[in-house]
Amino acid sequence: MNFAIAYSRAQDGIAAPLVTVEVHLANGLPSLSIVGLPETAVKESKDRVRAALLNSHFEFPARRITINLAPADLPKEGSRFDLAIAMGVLAASGQLPADTLLNYEFVGELALSGELRPVRGVLPTAIHTSRSKRSLLLPADNANEASLITGANIFAARHLLEVCAHLRGKAPLPGVTTAVTPAPSGDEDLDLSDVRGQHYARRALEIAAAGGHNLLMIGPPGTGKTMLASRLPGILPDMSDEEALETAAILSISGNDALADNWRKRLFRAPHHTASAVALVGGGSQPRPGEISLAHNGVLFLDELPEFDRRVLEVLREPLESGTITISRAARQRDFPSRFQLIAAMNPCPCGYLGDNSGRCHCSSEQIRRYKCRISGPLLDRIDMHVEVPRCRDSSFSARGESRGESSAAIKQRVAASRNRQIQRCGKPNVALNNKEIEEVCRLSENDNRLLEKAVDTLRLSPRAYHRILKVARTIADLANADAITTAHLTEAISYRRLDRRLT
C-alpha cells in the first residue's frame, strides 16, 4: 500500500473545515514534504511525527513521502494535524489498515515520545465531526471540552500506541461520555438586592435585560454604576443550548477554559479603558477573537466610557448593528460572532461631581462639553437607554436605611417571562427587530404617534433613535404583559434618552 487518506479539521474562526490528509509513498531518496498551504508549525510536524513513530517502535518509511493537506487553498495552522499525518504514514506503509481511517477524524499534537498533547479549538471540531457522522479521536486532555457535544462519537487517548491499538481492534478506547451540565446557578455575591436605592437605574437595568437593550449610566463616582452593571448577568434569561455552545466555541478557539462549572452562564467582560482596538474587536496576524466576541451572548461593560480612545470606541459601531465582526488581513478574512449587550458608565464631567450638592465640581462648561464629545454621536445613537445614577442619601447606607430591594432571582423571572413573550411573537428579542417588524409589533395610537414625533423634533433624534425608542417601549409593554404599547410605556421609553436631551 503506497497511498492512504486520513481526515482532520482546520480552524477558521469558529468554523472547522474538513482537511483531507493524503499520504503517498514513492521510490527515491528518503524525504518528506508537506504541501497544501502549511504554516511553520505544520511544516515542523514532519520532525515530530518521525520521532513519535520511531519512539513508539514503528517503522518510519525510508522512501519519498508526500503529504497533501486538501483543500490546497485553505491555510493550515498549528500542530493539530500531527496525529492525522502519523495515521496516514502508518496506513500508507502498511502498518495500519487503511480502510479503518475513513470512519475517523484525527486531531492532536504529537510529542517526540508519542504522547498526545492538547490543541486549541477542539469544540468547533467536535461539533462539525458529529455532523459528518464520523468518529473523532483526540488527546485525553481535550476530552472534557469535547464532551459538551451531545450525540458525538468521541474517543480520547494519551499515546499514539493507544490510538493504533484502538484502530486495530485490540484495545478499543472507551467513548467519551456527554458531560452532564447543570443549570447555571446565580452568583450569591452579586445579587441586585445589594443595591440600595437607585430605583430608576434598577428599573432601567431590568428593561435592558428583558429586551437586550444597550444601556449607558451617568453619575458621579461611587454611586453604584459598576455594581449595577456587574449584576446584569444574574437577571438575564438562561442561554439556549445553541447559544451556550456558540459561546463555548469562541472560548475554545481563544484558548480559554470553556468547561467551568457554570459554562452556560452569560459572560461579563469588562476591558480596561486603555484597551486597544485589536484587544476590543480582535485581530492579529492570525486573527483571534476580541472582547466583543468573548462577550458574545453576554455583557460587555465599558467603565469610564469617555476615557477610551475615540478611535477604539468607533470600531464598536458596526458590531452593535450587525452582531458580527469581520477581521480582514492581506491573506485571509475571518468572521467572529459578536452579539453582545453593551453596558457603559461615565461621569457627568471630568472631575465627576457635576451637580453634586457638595459643590466640589469646578469644571467649566467648555471642559464638560469636550468631555462628553469624546463619545461620538453615531455611537451614542446606538445606545438605547441613558440613565442618571445620582448620589444616594447617606441614610440609605445605614443599618436603618432603605430595605433591601428585590433579589436577582425575582427580577429574572419577570425578565424571562418578557423574553419568552418576545421569542414567541417574533423569534427574537426586541433589540433585534427590523424596521418591518417594528411597524407590525410597535404600533402606536394617533395621540402617541404625535407625542413621539414631538419628542423627536424637540430632541432632534435620528430615525435610528426613533426606532430604538419604539423597541424599548415594546419591551416595557412586554414586562407589563400588555398586548399594545400605551402612553405610559412610550413616555417611559422617551425618558431614557436623557443624554440626547443634555446635548441639545
Side-chain angles (χ1 to χ4, degrees), residues 192 195 198 200-209 211-233 235-236 266-277 279-281 290-321 323 325 338-350 352 354 368 370-390 431 464-465 468-469 471-472 495-503:
L192 204 53
V195 180
Q198 303 298 2
Y200 185 63
R202 286 169 57 98
R203 168 68 173 169
L205 198 69
E206 181 177 341
I207 296 170
H213 303 290
N214 303 319
L215 173 66
L216 173 62
M217 294 180 285
I218 309 133
T223 55
K225 301 186 294 295
T226 302
M227 191 176 185
L228 285 161
S230 64
R231 282 149 178 78
L232 177 60
I235 63 174
L236 289 173
R266 296 185 185 271
L267 296 180
F268 181 83
R269 305 291 299 189
H272 193 260
H273 63 259
T274 56
S276 65
L280 205 58
V281 302
E291 291 290 339
I292 63 172
S293 295
L294 295 173
H296 182 59
N297 292 320
V299 178
L300 179 70
F301 177 52
L302 301 183
D303 198 5
E304 305 294 344
L305 185 66
E307 300 301 331
F308 282 81
D309 188 282
R310 180 164 177 154
R311 291 171 296 180
V312 173
L313 292 178
E314 291 306 294
V315 300
L316 295 176
R317 287 160 54 177
E318 289 79 9
L320 281 172
E321 292 287 344
I325 180 68
S338 55
R339 193 170 54 252
F340 59 93
Q341 187 168 354
L342 176 64
I343 306 296
M346 62 178 286
N347 296 327
C349 67
L354 178 66
I368 296 172
R370 286 201 305 265
Y371 178 75
K372 290 184 176 180
C373 285
R374 294 179 186 177
I375 308 171
S376 71
L379 177 62
L380 188 63
D381 214 28
R382 288 166 167 82
I383 301 179
D384 308 76
M385 306 169 67
H386 320 142
V387 298
E388 285 189 354
V389 186
V431 72
R464 180 188 288 114
R468 288 184 180 270
I469 289 175
K471 293 177 185 180
V472 173
S495 73
Y496 292 125
R497 301 299 299 194
R498 186 169 299 273
L499 201 55
D500 290 319
R501 184 153 53 247
R502 289 291 182 86
L503 293 179

d(Leu216 CG, Ile383 CD1) to nearest 0.5 Å is 5.0 Å
About how many Å separate CZ of Phe308 and CG of Leu379, when rounded to the nearest 0.5 Å? 11.0 Å
State, with a plain yes or no, whether a side-chain heavy atom of Ile325 is found less than 4.5 Å away from one of Ser293. yes
Any non-hydrogen side-chain atom of Asn347 less than 4.5 Å from a side-chain atom of Pro220? no
Hey, does Arg464 have a side-chain heavy atom less than 4.5 Å from the side chain of Pro378? no
For His213 and Ile207, work out which heavy atoms get closest and say how close. CD2-O, 3.6 Å
Taking atom CG of Leu205 and atom CG of Leu232, what is their separation to the nearest 0.5 Å? 5.0 Å
Lys/Arg N to Asp/Glu carboxylate O, Arg311 vs Glu314, below 4.0 Å: no
Please report the closest heavy-atom contact between Met385 and Val472, naming both atoms and the distance. CG-CG2, 4.1 Å
Are Glu321 and Arg468 within salt-bridge range, i.e. N to O under 4.0 Å? yes
For the residue pair Phe301 and Phe340, is the inter-centroid distance of their aromatic rings smaller than 6.0 Å? no
Short question: side chain of Arg310, backbone of Cys373 - any donor-acceptor pair under 3.5 Å? yes
Check whether any side-chain heavy atom of Val281 sits under 4.5 Å from a side-chain heavy atom of Ser338, and report yes or no. no
Applying side chain to side chain contact (heavy atoms under 4.5 Å, CB included) to Leu300 and Gln341, what does each step give before you reach the verdict? CA-CA 6 Å; Leu300 179 70; Gln341 187 168 354; over 6 Å; no
Which residue, Leu305, Asp384, Asn214, Ile292, forms the side-chain contact (heavy atoms from CB on, under 4.5 Å) with Leu342? Asn214
Are side-chain heavy atoms of Arg203 and Val387 found at a separation under 4.5 Å? no
Would you say Leu228 and Val195 make side-chain contact, with heavy atoms under 4.5 Å? yes
So, taking the atom named CG in Asp381 and the one named CZ in Arg317, what distance separates them when rounded to the nearest 0.5 Å? 10.0 Å
Minimal non-hydrogen separation, Met346 against Tyr371, with atom names: CE-CE2, 3.9 Å
Once you round to the nearest 0.5 Å, how far does CG of Leu313 lie from NE2 of His273? 11.5 Å
Supply the atom-to-atom distance Cys349 SG to Arg370 CZ, rounded to the nearest 0.5 angstrom. 13.0 Å
Correct closest heavy-atom pair for His272 and Thr274 would be ND1-OG1, 2.8 Å
Which is it for Val389 and Ile218 under the side chain to side chain contact (heavy atoms under 4.5 Å, CB included) test, yes or no, and what are the steps along the way? CA-CA 6 Å; Val389 186; Ile218 309 133; over 6 Å; no
Heavy-atom side-chain proximity of Lys225 to Thr223 below 4.5 angstrom: yes
Grab the two heavy atoms, one from Met217 and one from Ala229, that are nearest each other, plus how far apart they are. CE-CB, 4.0 Å
Scanning both residues in full, the closest heavy-atom pair of Pro306 with Arg374 reads O-CD, 3.2 Å
Side-chain H-bond candidate by donor/acceptor type, Asn297 with Arg339, under 3.5 Å: yes
Just by modelled atom types, is the Leu192 backbone N or O under 3.5 Å from a matching donor or acceptor in the Arg202 side chain? yes
